[in-house]
Structure formats: structure tokens, C-alpha cells
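Just so it is clear, the values below take in all heavy atoms, side chains as well, and ignore hydrogens, waters and symmetry mates. Lettering follows sequence order; numbering is per chain, from 1.
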Protein chains: 2
Amino acid sequence: MKKNILIYGAVLGLLVAGLKLAEYKLIVIDHSIEIYGGLIALLFTVLGIWAGLKFVKKKEVVVVKEVIVQDPAEFTLNENNLKLLNISKREHEVLMLMAQGLSNQETADKLFVSLNTIKTHSSKLFEKLNVQRRTQAVQEAKKLGLLP
Amino acid sequence: MKKNILIYGAVLGLLVAGLKLAEYKLIVIDHSIEIYGGLIALLFTVLGIWAGLKFVKKKEVVVVKEVIVQDPAEFTLNENNLKLLNISKREHEVLMLMAQGLSNQETADKLFVSLNTIKTHSSKLFEKLNVQRRTQAVQEAKKLGLLP
DNA sequence: TCAAATGTCATGCTTTAGTATGATTTTGAA
DNA sequence: TTCAAAATCATACTAAAGCATGACATTTGA
């Protein structure tokens, strides 16, 4: 910044000096004033643009490196709701895996049971939670304190 | 852009005309040339700076290198991650409705587009989030601060 | 102005999810 | 021990989700 100001000042000074000299030579020519003015206009326009660029063209590159780790919010299972809704242990297990984004097949594999079994659990779960889809089930379950 | 050029041209024209007039009045004064030149220099410097600013004033570029994982407690949309993953506005909209447990059909109805469109958005979303299912998408999106 | 990105939609297809129903086996409590 | 709930599994569906691909219009940015 300071450098630019100094450079600008220096260039300006030189120009003024140069023009001062040129002034006496050009003055004798016809229409010299127009030429003189035109030159000044041109030079200072360029200078101005240059100055404008210098002072604004500072692109700021911000690099974000921080990683904010998830807070494992303290969760306490609401067993009361569990009982109220008649949700069994196994069903709750299935619900948790469902909430982790597992497919029915994956859940079945993880629990060593058949796909059909998981489907049965899921259906009953949806009934009890009064929802139609697994995504809704997860939402509802979280609301009810059945899931973290 | 075009406007700026026109404005610049117009201002320049007016100045030339004005100076042409001033030229004959100032010429009689002592040192009129210096004053004349000074004025032109001043005016065109300002004009140049203005032009420079106009044509170069690019927004700051923010470069983010790492994906940020956020605390889900207080939510502020992480637009950086959004950009990083190339998730468009519309896709984000779909993502939000998906997170609310809506089916593709319901989402389509809500956004007044076809089911196929939502499926397309969903597929691209899964790709970008690097997941296979909507449930996983929602989870991942929350981790990345794309969803409350 | 021109290319790239975005948004929209379709078709055809495969996979997964969800429903309905019924059956057998476990298990926990009266 | 007995009985009901819970858990398991199956078959047969329908519905929804997801994938791949191509097309076309609109928007936008360089």
C-alpha cells in the first residue's frame, strides 16, 4: 500500500516535470493545447486505472482448516415412551440401525436374521410410531427420546 | 459492463467539451496552462480510478480446503460445504424436504415438479454426499452442517 | 455472446421398502 | 406348566426408491 502511494507520487512528479518541459515546446505548435490536454488526459487516465487496480485488486484468500467435532450430546433413552408404544427390545434395535442409515438387508445381516424378519419389525415399528416411512420413523423416534 | 462503458464515454465527452470551452477563458490568465493541465490531470485521474474500480471490482474469493463437521446444536447453514460438494440450491431444497421425511412424490408435489425430477435431484445428491440411501444422506448432511 | 451449469422431464429398468397374512418357535411371567 | 407376547420366517404382493441415460430449456458467468 505505502509503496504504491510512493510510486504513484513519484510517477506523478515525473509527469508534471516532463509536461512542464514539453509545455514550452508544444506551445508553439498549432492546436498544441488540445494535444497537451489530450496527452495529460490519456496519461492520467491510465495512471488512475492503474491506481484503481492496485488498491482494489487484493484478492483475499481465506482458507478454513478448522474442524469442529460433533458434540456427542448426552442421551438418555426414554423407556417410558418405549413401553407406552409397546415397542419391544428387538424393534428398538432395528429402529436404531434404521436411524444409522442401514438398509433392511444390512440390518438383517447385522442381527443375523432374515430380511423378512426385519421387514416385519419395521412394519410394526411404523404402526406403533404412527408413520409410513423409515425416515419419518427416525424423526418421530428422536422426538420421543427413543433415539439420540 | 456495457453501462459503465457508455457512462465512461459520456463523461469523457462532456469533459472534453467542457475543457474546450474553458480553454479559451483560461488561456488569457497567467500560468493558465499549468492550471489547465492540472485540472485535466485531476479529473482524469479520478475518472481513471473510478474506471479501474468499476472494471476490476471482483468479489473476494474464498477458498475452502477442508470439509467442516459441525456441532448440530445451533444450526447455521454451512454454505462452504454446500459449494465444496457442488450442491445446488434446488438440490438443497430437496434434501431438506427429504430430511423431513417426505417421500419423493410428496416432495415433487410440494415443489410443483415431477416425480422424475425429484428422483434426479436425489440421485445427484446421493452421489455428491457419497451415500446410497436417503437416510444416510440426511445423516451426512447434518454432519456437514447442511441441515439442522 | 457463448459455453457451462442448472433445472426439468421422460423411459426403462433393478432394487429396496412396505403391506398383508399366516405359521412356527422362544421366552418370560403368572 | 401354561399362555401370551415376542421373535422368527415365508410367500406374495404393491409401492417407492434408486440408477442410467438422454433430451431440452433456462440461467449464468466469463
Least distance between heavy atoms, Glu91(B) atom then Lys128(B) atom: OE1-NZ, 2.8 Å
d(CD1, Ile118(B); P, dT8(C)) in whole Å: 8 Å
d(CE, Met98(A); C1', dT16(C)) in whole Å: 12 Å
Atom of Met96(A), atom of Leu147(A) and distance for their closest heavy-atom approach: CG-CD2, 3.4 Å
Below 4.0 Å: OP1/OP2 of dA20(C) and any side-chain N or O of Ser123(A): no
Contact pattern, 5' to 3', of nucleotides 8-16 of chain D - B, S or - by protein heavy atom under 4.0 Å: BBBB-----
Partners meeting side-chain contact (heavy atoms from CB on, under 4.5 Å) with Gln105(A) (sequence neighbours left out): Ser103(A), Ala108(A), Asp109(A), Leu115(A)
Distance (rounded to the nearest 0.5 Å) between Leu102(A) CG and Thr107(A) OG1: 4.5 Å
Main-chain N/O of Arg90(A) paired with His121(A) side-chain donor or acceptor, under 3.5 Å: no
Rounded distance in Å - CD (Gln136(B)) to P (dG18(D)): 10 Å
Pair Ser123(A), Thr120(A): side-chain N/O donor-acceptor within cut-off below 3.5 Å: no
Under 4.0 Å protein heavy-atom contact, by nucleotide of nucleotides 24-29 of chain D - B base, S sugar-phosphate only: ------
Student check: side-chain heavy atoms of Gln136(B) and Phe126(B) closer than 4.5 Å: no
Integer-rounded Å distance: dC9(C) P and Gln105(B) CD: 12 Å
Value in whole Å for how far the C1' atom of dA6(D) lies from CG of Leu82(A): 14 Å
Distance-minimising heavy-atom pair for Asn81(A) and Leu144(A): ND2-O, 2.8 Å
Interatomic distance where CG belongs to Leu125(B) and P belongs to dC19(D) [whole Å]: 11 Å
